[in-house]
Amino acid sequence: FGATGIPMRRLSTPAYADGLFAPRQSPVDPRTISNNLHSKTGGSNDGSSADIETTKGVTHMAMQFGQFLDHDITITPQAELDCCNSTFLALDQAQDPHLQRCLNIPVEDATFPGTCSSGSCCHSFTRSDHICSNSTHREQFNALTAFVDGSNIYGSDQDTSLNY
């Protein structure tokens, strides 16, 4: 328990579209969801600017600390691939579906400026790496130890801790 390179422990069953590895699809594009959740445009979903506490009486800092703590005990590796490159994307899409890694997010220049310089608009999104296991479904793995040890501050190895 807690070692690096082992499958993530699940608190619930996986919810893949096909039950094995296919990502679920949303009828609403991810950018619209993100913009609606995080915008401060004065719309009805924004809430009052004076009301910075949630209904549970905590500020955004509680979420931020949770994120900081999470990054000390888990990280799912992924390759930084240029999935918007049409040549690379064609190679990725030619692979078996369970090996495909590009899950690009379609965007419009108006909502995601600077992504439409040539050809169609694209926001490159790479699927996380998975581990080979006896499981019937895709399993992600943890690249960190599952212990609160300050590795996101001091590093996970001696070289990082001495040089940064």
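Atom set for the values below is all heavy atoms of this structure, side chains included, hydrogens, waters and symmetry mates excluded. Just so it is clear, the structure is predicted and the values come from calculations on it, not from any experiment.
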A.B. asks: More than 12 foreign heavy atoms under 6.0 Å from OH of Y154: is that the case here?
C.D. replies: no

A.B. asks: Verify, without hydrogens or angle tests, whether D96 (side chain) and H98 (backbone) share a donor-acceptor contact under 3.5 angstrom.
C.D. replies: no

A.B. asks: In sequence, state the C-alpha distance, the side-chain angles, and the governing distance for N104 and H123, and then conclude on side chain to side chain contact (heavy atoms under 4.5 Å, CB included).
C.D. replies: CA-CA 6 Å; N104 292 343; H123 178 64; over 6 Å; no

A.B. asks: Please find the pair of heavy atoms, one from A15 and one from R24, that lie closest to each other, and give the distance.
C.D. replies: O-CD, 2.8 Å

A.B. asks: Which atom names give the shortest non-hydrogen contact between R138 and Y16, and what distance separates them?
C.D. replies: O-OH, 3.1 Å

A.B. asks: Once you round to the nearest 0.5 Å, how far does OG of S151 lie from NE2 of H71?
C.D. replies: 11.0 Å

A.B. asks: Test your reading of the model: is there a side-chain donor-acceptor pair from E139 to the backbone of C132, 3.5 Å cut-off?
C.D. replies: no

A.B. asks: Which distance, rounded to the nearest 0.5 Å, do you find between the CG of L91 and the CG of L81?
C.D. replies: 11.5 Å

A.B. asks: Assess the residue pair S128 and F141 against the criterion (side chain to side chain contact (heavy atoms under 4.5 Å, CB included)); give the C-alpha distance rounded to whole Å, side-chain angles, the decisive distance to 0.1 Å, and a yes or no.
C.D. replies: CA-CA 9 Å; S128 60; F141 65 97; over 6 Å; no

A.B. asks: Mind checking the CG-CD spacing from L103 to Q25? Nearest 0.5 Å is all I need.
C.D. replies: 8.0 Å

A.B. asks: Indicate the atoms forming the closest heavy-atom contact of I75 with P77, along with that distance.
C.D. replies: O-CD, 3.5 Å

A.B. asks: Which heavy atom in G2 sits nearest to a heavy atom in I6, and how many Å separate them?
C.D. replies: N-CD1, 3.9 Å

A.B. asks: Do N142 side-chain atoms and M8 backbone N/O form a donor-acceptor pair below 3.5 Å?
C.D. replies: no

A.B. asks: Search all heavy atoms of C102 against all heavy atoms of Q93 and return the closest pair with its distance.
C.D. replies: O-NE2, 3.8 Å

A.B. asks: Does the T76 side chain pair with the main chain of D129, one donor and one acceptor, at a distance under 3.5 Å?
C.D. replies: no

A.B. asks: May I have the step-by-step check of side chain to side chain contact (heavy atoms under 4.5 Å, CB included) for F21 and H137, ending in yes or no?
C.D. replies: CA-CA 6 Å; F21 62 85; H137 54 270; over 6 Å; no

A.B. asks: Determine the minimum heavy-atom distance between T126 and A79, stating which atoms define it.
C.D. replies: CG2-O, 3.1 Å

A.B. asks: Measuring from L144:CG to T4:OG1, what's the distance to the nearest 0.5 Å?
C.D. replies: 8.0 Å

A.B. asks: Looking only at atom types and distance, does a side-chain atom of N163 sit under 3.5 Å from a main-chain N or O of D159, one as donor and one as acceptor?
C.D. replies: yes

A.B. asks: Could you give me the CA-CA distance, side-chain angles and deciding distance for C83 and F125, then say whether side chain to side chain contact (heavy atoms under 4.5 Å, CB included) is met?
C.D. replies: CA-CA 7 Å; C83 291; F125 190 82; over 6 Å; no

A.B. asks: Applying side-chain contact (heavy atoms from CB on, under 4.5 Å), can you list everything that pairs with F68, at least two apart in sequence or on another chain?
C.D. replies: F65, N152, I153

A.B. asks: At what distance, to the nearest 0.5 angstrom, does NE2 of H130 lie from CD of Q140?
C.D. replies: 9.0 Å

A.B. asks: Do the non-hydrogen side-chain atoms of C84 and L89 ever get within less than 4.5 Å of each other?
C.D. replies: no

